Amino acid sequence: VQLQASGGGLVQAGGSLRLSCAASGVFFRNYAAGWFRQAPGKGREFVAAISRSGSRWSHADSVKGRFTISKDNAKNALYLQMNCLKPEDTAVYFCAATFRPYTTASNAAQSDRYDYWGQGTQVTVSS
């Protein structure tokens, strides 16, 4: 099982990036999935989560209205569209998948519910 996150980079504040997560060995249609991030010196933080079907999702308050999680089960891919980026969004972003169903936004935000993790992609937002 492997999750490969990509799409990170350096962007100015106010800019946009789209992160992608490709999966091998798992099919996103069978898994709920999420994005987390970790800034230097800080713990891992929930960003967004989405259900198996893609019909339910949730976002952290800090990114709500700016970030959008989505998935394309046909392409077996997970995405995070990030708009209006801020310097405080600078972090390594990780994609994750879980066989546990998406039940509540609160549960989906718990990192210990996720079974598989990607290696992370760096996002740096300059002011």
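Source: prediction; values computed, not measured. Index from 1, following the sequence.
The minimum heavy-atom distance linking Arg29 with Arg52 is given by the pair O-CB, 3.6 Å. Between Ala108 and Ser58 the shortest heavy-atom distance is CB-OG, 4.4 Å. What you find for Cys84 and Arg66 is that their closest heavy atoms are O-NH1, 2.9 Å. The two residues Ser127 and Ala13 make their nearest non-hydrogen contact at CA-CB, 4.3 Å.
For Glu88, there are no salt bridge (Lys or Arg N to Asp or Glu O under 4.0 Å) partners at least two apart in sequence or on another chain. Judged as a ring-ring contact (aromatic ring centres under 6.0 Å, His included), and not counting sequence neighbours, Phe94 has no contacts. In this structure Phe46 satisfies the ring-ring contact (aromatic ring centres under 6.0 Å, His included) test together with Phe36, sequence neighbours excluded. Taking the side-chain contact (heavy atoms from CB on, under 4.5 Å) definition, one finds that Arg113 meets it with Arg100, Thr103, Asn107, Gln110, sequence neighbours left out. Under the rule for a side chain to side chain donor-acceptor pair (under 3.5 Å), Lys86 has no partner lying at least two apart in sequence or in another chain.
Under the 4.5 Å side-chain criterion, counting only non-hydrogen atoms from C-beta, Ser16 is in contact with Gln81.
Hydrophobic cluster membership of Val1, counting Ile, Leu, Val, Met, Phe, Trp and Tyr whose side-chain heavy atoms lie under 4.5 Å apart directly or via other members: Leu3, Val11, Leu17, Leu19, Val26, Phe28, Tyr31, Trp35, Val47, Ile50, Trp57, Val63, Phe67, Ile69, Leu78, Leu80, Met82, Leu85, Tyr93, Phe99, Tyr116, Val123, Val125.
In this model, no donor atom of one side chain and acceptor atom of the other lie less than 3.5 Å apart for Ser53 and Tyr102.
Counting only distance, with no hydrogens or angles, the side chain of Lys71 and the backbone of Tyr79 share no donor-acceptor pair below 3.5 Å. Although no hydrogens or angles enter the test, the distance criterion places no donor-acceptor pair under 3.5 Å between the side chain of Asp72 and the main chain of Ala77. Judged by distance alone, the side chain of Ser51 and the main-chain N or O of Arg56 form a donor-acceptor pair under 3.5 Å. With Thr121 contributing its side chain and Ser6 its backbone, the two residues share no donor-acceptor pair below 3.5 Å.
A side chain to side chain contact (heavy atoms under 4.5 Å, CB included) with Val92 is found for one member of Gln122, Arg44, Arg37 and no other, namely Gln122.
Residue Asn76 holds its CG atom at 8.5 Å from OG of Ser24, rounded to the nearest 0.5 Å. The CD atom of Glu45 lies 11.5 Å from the OG atom of Ser111; values are rounded to the nearest 0.5 Å.
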